[in-house]
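For reference, the structure is listed below as structure tokens.
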Protein chains: 2
Amino acid sequence: MSSALKIGDLARRTACPVESIRFYEREGLLPEPARTAGNYRSYGREHVERLSFIRNCRLLDMTLDEIRQLLHIRDNPRGDCVATHALLDEHITHVAARITELQRLERDLKGLRRACRTADVDAKCAILAELDGQTAVKSPGKSMPHVRGAHRR
Amino acid sequence: MSSALKIGDLARRTACPVESIRFYEREGLLPEPARTAGNYRSYGREHVERLSFIRNCRLLDMTLDEIRQLLHIRDNPRGDCVATHALLDEHITHVAARITELQRLERDLKGLRRACRTADVDAKCAILAELDGQTAVKSPGKSMPHVRGAHRR
DNA sequence: CAAAACCCTGTAGCCACTTCAAGGTCAAGC
DNA sequence: GCTTGACCTTGAAGTGGCTACAGGGTTTTG
């Protein structure tokens, strides 16, 4: 059989770090695989597919919880099409909302940037003065259900 | 003098949770304030201004590290205008890059959503099949310096 | 003078990993 | 056979920016 992969082989096939594979196993997204005589994890084709699924979902910025739900649907024969649609639609909504929020942020930042145009090293920058004030920045409305901030990696 | 605020007063004036104030102090963004006889933190006008500055920056999704740098500039008389511009410009670049990334994500998600149009509860959803495959999702290019993912709060 | 509201410190939890330490296993080269 | 080095193992700790306790002390209010 062509499928007796060690964790490093699986990592290469799925472009997923070894540590993340072990993490997914701890989190219950990947089943505990068989072990070799030397206590090495031994994976097969179904693990490659399941991990590919997980990584695809992560590339789409789904949370592990969302992925857990999708995997549950996937595991049950005739996985519920309606539930899949609902989950995906909600995720799309969150992403769209985050885009809107970041666009507003960008507008605010560019406005702030225009507050100072000088390149005078000795001047007190007008940007700092704006950041001091109460009116510099508007609050970004109510909380987003699950869309993260502007920085990452 | 009108300025002998307890931590709760400062929290109300800056719309910042009490716990975050203590957190900023631990992180060195806010100086350790004087204490009352009962060991309560005692704040003045300068703390209100500094914390407002910090919160404004956070509303603009700057990292604590970026804020630390801005505070350093702010603390030095004639704070360096050029450095401020550079920091802000870089932050704007990151936000813009994250917007682009999320827009692509949205496009991918909507494409995936279109893969299945049926509302048949018993059908195996075509979306799940797409997520299995190697070609379902394109990788999002090289790493973003510091812009976070799609979920938050 | 008691209850309620506020404050204190310290610790743990969140997410999705990443990094490290301290070792065990295995294939290749000499 | 023996060593080197690549790979594997577990477990713990760190990341960011908070948030939420637990278990106390202090101050204000009625």
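Naming convention: chains lettered A, B, ... in sequence-line order (proteins, then strands); numbering from 1 in each chain. Keep in mind that the numbers below use all heavy atoms, side chains included, and drop hydrogens, waters and symmetry copies.
Scanning residues 25-36 of chain B for heavy-atom distances under 4.0 Å to DNA chain C yields B:R35.
Atoms CD1 (B:I21) and P (D:dG17) sit 18 Å apart, rounded to a whole Å. When rounded to the nearest whole Å, the span between CG of B:L64 and C1' of D:dG17 equals 6 Å. Spacing between atom CZ of B:R58 and atom C1' of D:dG17 amounts to 6 Å, rounded to whole angstrom units. Atom-to-atom, CD of A:E19 to P of D:dC7 comes out at 13 Å; the value is rounded to the nearest Å. If you measure from atom CD1 of B:I7 to atom C1' of D:dT28, you get 18 Å, rounded to the nearest angstrom. Rounding to whole angstrom units, CG of residue B:L59 and C1' of D:dC18 are separated by 14 Å. B:I54 places its CD1 atom 16 Å from the C1' atom of D:dG16, with the value rounded to the nearest Å. The distance between atom CZ of A:F23 and atom C1' of D:dT9, rounded to the nearest whole Å, is 19 Å.
Here the CZ-OG1 distance, from A:R50 to A:T14, works out to 14.0 Å after rounding to the nearest 0.5 Å. Rounded to the nearest 0.5 angstrom, B:L10 CG and B:R13 CZ are separated by 8.5 Å.
Residues in residues 15-44 of chain B take part in these ring-ring contact (aromatic ring centres under 6.0 Å, His included) pairs, two or more places apart or across chains: B:Y43-B:H47.
Across all strands shown, B:R41 has heavy atoms under 4.0 Å from sugar-phosphate atoms exclusively, and none from any base.
Partners of A:R113 according to the salt bridge (Lys or Arg N to Asp or Glu O under 4.0 Å) rule, which considers only residues two or more places apart in sequence or in another chain, are B:D89. For A:E19, there are no salt bridge (Lys or Arg N to Asp or Glu O under 4.0 Å) partners, not counting sequence neighbours. In this structure, B:E46 has no salt bridge (Lys or Arg N to Asp or Glu O under 4.0 Å) partners at least two apart in sequence or on a different chain. Evaluation of the salt bridge (Lys or Arg N to Asp or Glu O under 4.0 Å) rule for A:R55 yields no partner, not counting sequence neighbours.
Within the structure, a side-chain polar atom (N or O) of A:S20 is placed less than 4.0 Å from OP1 or OP2 of C:dT18. For the pair A:Y24 and C:dC17, the criterion of a side-chain N or O lying under 4.0 Å from OP1 or OP2 is met. When the side-chain nitrogen and oxygen atoms of A:R22 are compared with OP1 and OP2 of D:dT9, one or more of them lie within a distance under 4.0 Å.
If A:G38 and B:R12 are placed on DNA chain C by their nearest nucleotide, the residue sitting closer to the 5' end is B:R12. Position along DNA chain D of the nearest nucleotide to B:P17 versus A:Y40 favours A:Y40 as the more 5'-ward residue.
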